[in-house]
Amino acid sequence: MSFLIRLVFLIWSSKDVDFNFIYILRIFFLGFIYDFISGSLFLFLYLFYLLIFPKKWIGSLFDKAFTYFYLAFILFVLYFSLLAEIPFWEEFGARFNFIAVDYLIYTYEVVENINQSYPLPLLIGLLVGLVAATFFLMRKLKVFKHIFSDKINLKRRSFFVIPVAIFTIVLGLLMKNKYADFSNNLIDNELGKNGAFSFVSAFRSNELDYEAFYPKISDKKAYSILKQNLLQENQKYNSTKLDDISRLTKGDGEQKPNIVVVTIESFSAEFLSAFGNKDHLTPNYDQLAKESIFYQSLCDRNQNCSWNGSAYFVCSANSGKQYCEKTK
C-alpha cells in the first residue's frame, strides 16, 4: 500500500521530480526500508504478545478476540494514515512533518475543520468498510486457515521473536528521516519517506525544517537590506560585522526615561498569580506585576469583569476608566 501511495505521488508530482535513474532507484529502495521498519513497528506489540501468551490458551476466545481486534485496529490506522497523506501532500508537497504533529495537538480545531471540509461520517464509514473488505479478502484467500493451530512452546517462539525484535529495534533507532534527504530536489527526498515513520520522527524531533518550506535569500543579502532599513540619520553601526546590528545614536537633548513595555502574545491570564493562579508558574511576571503599573482587563459595557463572572473581581474607577480590580 505504501508502494502504491509512493507511485501515485511520483506521477502526481512528475513535473517537479528529478527523473535521474539513480535517484528513482534510491527513492524506491529507501522507501522499501522505511515501509518495512514501519510495518515491523506496527506489529511490535503483537510480537511480544505471541512470545509470552500461555501455550494452553492459544486459540481461546480471548486470544481470537485480541488477535482480530489488533489486526482490525492496525488496518484502520494504516488506511487512515495512507488516505490522510493525500490531502497533506496536496497542500504541502511533503510527507507528514511537524505540521501534522501540530494537528494532533490541536485536535479539536483540526477535527472541526475536517468536519466542515469533508463528510466525516462518510470517511469513517469508508475506513470501516475497507477494514471489513480486507478481512473478507483474507478469509477468501484462506489467510486465517492455520491461525491458532500451532501451539509451539516458549523456546521455539523465542527463536523467531527475538531476532525479529532485535532487528526492528536496531533499525528503528538507527534509521533517521534525514537519510532520505539525498538530493537537492525536495520532492525526490519526500517520495523516499514513509508517512507513518515521518510522523513519529517529526514528533521526536519537535521541529520543522525552515529552509525546506520557506524561500530565503542569503544571509549576506538579508543583513545588507536589514541594515539599510534600520539605520537612521543620527545613527551609525558599532562594527562592520555582517550580523552586528547594534547602533550608536546621537541626538540633542536626549532623554532616557525608565520605561519597560512588556507585551505577551498567546499567553493566558490564568497562568499568572495576579489573576488568581495558585501554582506560581510565572514568578518573574508576578514580581513584575507587583513592582509596576499593572492594568487588568477593562470592564465590559455592563460593568462586569471578564473572569467568568467571578465575584472576586469588581469594577472600579481609575483615571476616568473602569477597570477590573481584585477585592480584598
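Residues: numbered from 1 along the sequence shown.
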**Student:** Measure the spacing between CZ of R139 and CZ of F144 and express it to the nearest 0.5 Å.
**Tutor:** 8.0 Å

**Student:** Evaluate the side-chain proximity of W89 to I187: yes if any heavy-atom separation is below 4.5 Å, no if none is.
**Tutor:** yes

**Student:** How about CZ on R247, more than 12 heavy atoms from neighbouring residues, nucleotides or ligands closer than 6.0 Å, or not?
**Tutor:** yes

**Student:** For a quick test of reading the model, state the closest non-hydrogen atom pair linking S273 to H280 and the distance between them.
**Tutor:** OG-ND1, 3.8 Å

**Student:** Would the distance check show the side chain of T282 and the main-chain N or O of Y285 forming a donor-acceptor pair, the cut-off being under 3.5 Å?
**Tutor:** no

**Student:** Nearest 0.5 Å, please: how far is CG in N189 from CG in N185?
**Tutor:** 7.0 Å

**Student:** How would you list all residue pairs meeting salt bridge (charged side-chain N to carboxylate O under 4.0 Å, His left out) that involve residues 88-98, not counting sequence neighbours?
**Tutor:** E85-R95

**Student:** Find the distance between CD1 (I225) and NZ (K227) and round it off to the nearest 0.5 Å.
**Tutor:** 13.0 Å

**Student:** For T168, enumerate each residue passing the side chain to side chain donor-acceptor pair (under 3.5 Å) test, keeping only those at least two apart in sequence or located in another chain.
**Tutor:** none

**Student:** From N177 CG over to L30 CG, what is the distance, rounded to the nearest 0.5 angstrom?
**Tutor:** 10.5 Å

**Student:** Can you confirm whether more than 12 heavy atoms, excluding those of N184, are under 6.0 Å from its CG atom?
**Tutor:** no

**Student:** Any Lys/Arg nitrogen of D188 or R26 sitting under 4.0 Å from an Asp/Glu carboxylate oxygen of the other?
**Tutor:** no

**Student:** Would the F92 and F88 ring centres measure less than 6.0 Å apart?
**Tutor:** yes

**Student:** For the residue pair A180 and Y34, what are the closest heavy atoms and their distance?
**Tutor:** N-OH, 3.5 Å

**Student:** Do other residues, nucleotides or ligands put more than 12 heavy atoms under 6.0 Å from the CG atom of L61?
**Tutor:** no

**Student:** Check the angle between the aromatic planes of F62 and F66 and answer parallel, tilted or perpendicular using the 30° and 60° thresholds.
**Tutor:** parallel

**Student:** For the pair D63 and Y49, evaluate side chain to side chain donor-acceptor pair (under 3.5 Å) and give the outcome as yes or no after the intermediate values.
**Tutor:** CA-CA 10 Å; D63 189 23; Y49 169 80; 2.6 Å; yes

**Student:** Less than 6.0 Å separating the ring centroids of F32 and F28?
**Tutor:** no

**Student:** Donor-acceptor pair, K241 side chain versus N238 backbone, under 3.5 Å?
**Tutor:** no

**Student:** Angle class for the F44/F48 ring planes (parallel below 30°, perpendicular above 60°, tilted otherwise)?
**Tutor:** perpendicular

**Student:** Evaluate the ring planes of Y68 and F148, with Trp represented by its six-membered ring, and classify them as parallel (under 30°), tilted (30 to 60°) or perpendicular (over 60°).
**Tutor:** perpendicular

**Student:** Are L10 and I22 connected in the hydrophobic side-chain network, where two residues link if heavy atoms are under 4.5 Å apart?
**Tutor:** no

**Student:** Do S183 and D18 have side-chain N/O donor and acceptor atoms under 3.5 Å apart?
**Tutor:** no

**Student:** Got a sec: does the OH of Y179 have more than 12 other heavy atoms crowding it under 6.0 Å?
**Tutor:** yes

**Student:** I'd like to check the salt bridge (charged side-chain N to carboxylate O under 4.0 Å, His left out) partners of D286; sequence neighbours left out, ordered by chain and number.
**Tutor:** none

**Student:** Check whether any side-chain N or O of T67 sits under 3.5 Å from a backbone N or O of K64 as a donor-acceptor pair, and report yes or no.
**Tutor:** no

**Student:** So, for L51 and R157, which heavy atoms are closest and what is the spacing to 0.1 Å?
**Tutor:** O-NH1, 3.3 Å

**Student:** So do Y237 and D244 actually touch side chain to side chain, heavy atoms under 4.5 Å?
**Tutor:** no

**Student:** Quick one: CD1 on I27 to CG on L7, what's the gap to the nearest 0.5 Å?
**Tutor:** 11.0 Å

**Student:** Quick check: closest heavy atoms across F96 and S198, and the distance to 0.1 Å?
**Tutor:** O-CB, 3.2 Å

**Student:** Under a 4.0 Å threshold between the charged nitrogen and the carboxylate oxygen, would K193 count as salt-bridged to D181?
**Tutor:** yes

**Student:** Distance from F73 atom CZ to Y46 atom OH, nearest 0.5 Å?
**Tutor:** 15.0 Å

**Student:** Ignoring hydrogens and angles, tell me if any N or O in the side chain of N194 forms a donor-acceptor pair with the backbone of S2 under 3.5 Å.
**Tutor:** no

